Amino acid sequence: MSNIGEEIKKLGFGLMRLPQKDGRIDLEQTKQMVDLFLDAGCTYFDTAWAYAGSEDAIRQALVERYPRHRYQLATKLAAWINCNSREEAIAQFETSLKQTQAGYFDFYLLHNLGESRTEFFDRFDLWNWIQEQKKAGLIKHAGFSFHSTPQELEEILNKHPEMEFVQLQINYADWENPAIESRACYEVARRHGKPVIVMEPVKGGMLAKPPQSVEEILKAADPNASAASWAIRFAADLEGVITVLSGMSSIEQMKDNLSYMKDFTGLSQGQRNTLKQAQAALAKIPLIPCTTCNYCAKVCPKNIGISGSFVAFNYLTLYGDREAALHQEDWLVGGHGKKQADACIRCGKCEQVCPQHIAIRTQLQRVCGELLNPPAAVSSEKGTAL
């Protein structure tokens with residue numbers, strides 16, 4: 001197994017959700033967060049060309065204020081975003097060097113592989129290109145971030161054993177989630193000897209305020225620990241993890257994370273048992289039992305994004321956050337060229353092929369009525385629409 005990043009502390013600073021002020025990144029607060037992070041002995045910063053303003057902000061908050069040996073900087077190349085040629089894709093790397101002024105990147109990632117996105121990296125031969133940048137000293141470690149199935153991850157790692165690490169979405173809610181398959185993807189990476197960088201440990205903030213049944217279990221075990229702390233420590237406890245990225249957006253979040261991650265050495269068995277109880281509580285919440293096999297999609301005459309709609313609806317059921325659920329629906333349905341649930345003509349072909357025997361037509365109606373076009377909620381106290 002590779003020992004990449006063994007000297008790096010288990011908390012990484014994800015720069016995707018930096019603090020905002022008047023609609024722009026709050027640079028002064030970002031500087032304070034960078035100072036707190038480095039003072040605690042943490043050193044790993046993760047940005048991306050695609051994170052608006054992030055590379056520029058970290059140049060001002062970090063690169064221009066600290067010597068280069070004090071930190072590791074990671075950024076990413078998203079060849080599937082508006083790139084029609086190899087040159088356009090490589091231009092993202094050149095832009096990142098210019099925006100960060102870091103001189104080189106400690107960790108450089110081919111960004112968000114999976115599904116149709118992988119084809120861009122193959123077509124533009126970015127696998128050989130990234131190795132060339134390593135030889136030139138512009139990249140120390142080459143890897144990729146990934147959002148898809150364990151089967152596809154296996155295929156990529158078989159084709160590209162030279163890649164040194166993998167960045168995966170891992171959290172206790174998605175560990176056995178058939179739509180994410182965190183555990184299975186993690187196990188593929190480890191079988192190939194690849195160390196793992198964890199993204200979305202708090203599931204975009206969802207696990208900072210989990211369902212009440214889960215929160216009660218966590219509070220009973222440790223009244224003083226934040227819900228987010230349990231999520232981050234779950235990921236950090238896994239063997240082979242280089243660092244766990246937390247997309248911190250305030251000084252308070254930074255202080256909370258550092259309070260339990262500064263000297264993190266692992267969970268106790270009792271803490272692991274608590275997290276298993278939390279997972280069991282999540283599993284009891286009634287969700288649409290879709291495994292995203294997409295047999296339904298192959299027979300749907302209207303090209304409806306059935307599984308994407310169900311994943312989004314399950315978000316709504318679990319966390320009660322309609323905005324986040326709609327974001328999922330937009331990406332998993334519209335972002336994949338599919339139609340929304342209201343395009344259903346109730347032909348029933350989908351139900352004939354569904355291995356889980358889901359009443360798909362009924363569930364699509366629920367998606368329409370409760371997620372896409374819910375009736376206005378009325379406050380019982382004020383009698384006004386919320």
Side-chain angles (χ1 to χ4, degrees), residues 2 4-5 8 12-18 25 44-59 62-63 68 71-148 152-153 155-157 159-169 185 189 194-200 242-243 245 247 331 335:
S2 173
I4 294 173
I8 296 172
F13 191 172
L15 306 171
M16 186 180 187
R17 302 179 179 92
L18 290 172
I25 291 174
Y44 191 99
F45 295 82
D46 171 88
T47 182
W49 171 88
Y51 301 166
S54 177
E55 289 184 333
D56 184 65
I58 205 59
R59 182 191 76 250
L62 174 69
V63 177
R68 188 64 181 85
Y71 58 87
Q72 293 87 27
L73 184 60
T75 192
K76 314 177 187 76
L77 188 157
W80 43 274
I81 299 180
N82 300 325
C83 290
N84 297 308
S85 67
R86 188 173 192 261
E87 290 70 28
E88 288 180 345
I90 293 171
Q92 291 185 17
F93 176 71
E94 295 164 352
T95 298
S96 292
L97 282 173
K98 182 179 179 180
Q99 289 185 151
T100 63
Q101 292 292 304
Y104 63 90
F105 297 112
D106 302 271
F107 290 76
Y108 196 76
L109 296 86
L110 302 182
H111 188 29
N112 197 5
L113 272 70
E115 302 174 336
S116 60
R117 301 179 299 279
T118 305
E119 190 269 336
F120 288 91
F121 299 92
D122 294 340
R123 188 198 317 165
F124 300 148
D125 192 24
L126 295 177
W127 304 102
N128 284 320
W129 170 83
I130 200 170
Q131 297 303 318
E132 292 168 1
Q133 305 318 303
K134 278 189 63 180
K135 291 177 183 177
L138 297 176
I139 294 170
K140 284 192 174 183
H141 300 296
F144 61 92
S145 61
F146 180 81
H147 284 279
S148 191
E152 188 174 357
L153 180 59
E155 181 180 346
I156 291 172
L157 289 175
K159 288 181 179 178
H160 300 286
E162 74 279 6
M163 300 305 276
E164 298 172 87
F165 66 94
V166 180
Q167 185 163 304
L168 298 173
Q169 178 174 330
C185 286
K194 306 301 179 186
V196 172
I197 295 171
V198 174
M199 57 182 162
E200 301 293 350
I242 295 175
T243 197
L245 302 176
W331 166 245

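Fair warning: this is a prediction, and the values are worked out from it, not measured in the lab.
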Original post:
Is any side-chain heavy atom of H111 less than 4.5 Å from a side-chain heavy atom of I81?
Top reply: no
Original post:
With E119, which residues qualify under salt bridge (Lys or Arg N to Asp or Glu O under 4.0 Å), at least two apart?
Top reply: R123
Original post:
Can you check side chain to side chain contact (heavy atoms under 4.5 Å, CB included) on Q167 and K76, steps first, answer last?
Top reply: CA-CA 11 Å; Q167 185 163 304; K76 314 177 187 76; 3.7 Å; yes
**OP:** For residues E55 and L15, determine if any side-chain heavy atom of one lies less than 4.5 Å from a side-chain heavy atom of the other.
**Re:** no
Original post:
So, for A79 and L126, which heavy atoms are closest and what is the spacing to 0.1 Å?
Top reply: CB-CD1, 3.7 Å
Subject >> Nearest heavy-atom neighbours spanning S145 and M199 >> reply: CB-CE, 4.2 Å
Original post:
Any side-chain heavy atom of L153 within less than 4.5 Å of one from L168?
Top reply: yes
Subject >> Side-chain heavy-atom pair R117, H147 within 4.5 angstrom cut-off >> reply: yes
Original post:
Using the ring of each side chain (for Trp, its six-membered ring), is W127 parallel, tilted or perpendicular to H160, with breaks at 30° and 60°?
Top reply: parallel
Original post:
Quick one: does Q101's side chain have a donor or acceptor within less than 3.5 Å of a partner on R59's backbone?
Top reply: no
Subject >> Candidate pair K134 and E162, rule salt bridge (charged side-chain N to carboxylate O under 4.0 Å, His left out), full reasoning >> reply: CA-CA 12 Å; K134 278 189 63 180; E162 74 279 6; over 6 Å; no
**OP:** Please state whether the rings of Y108 and F93 are parallel, tilted or perpendicular, taking 30° and 60° as the class boundaries.
**Re:** perpendicular
Original post:
Just wondering, do F107 and I4 contact through their side chains at under 4.5 Å, heavy atoms?
Top reply: yes
Original post:
Between F121 and F144, does the ring centre distance come in under 6.0 Å?
Top reply: no
Original post:
Does the distance from a Lys or Arg side-chain N to an Asp or Glu carboxylate O, for E152 and K159, drop under 4.0 Å?
Top reply: no
Subject >> Where C83 and F120 come nearest, the two heavy atoms and their spacing >> reply: O-CE2, 4.0 Å
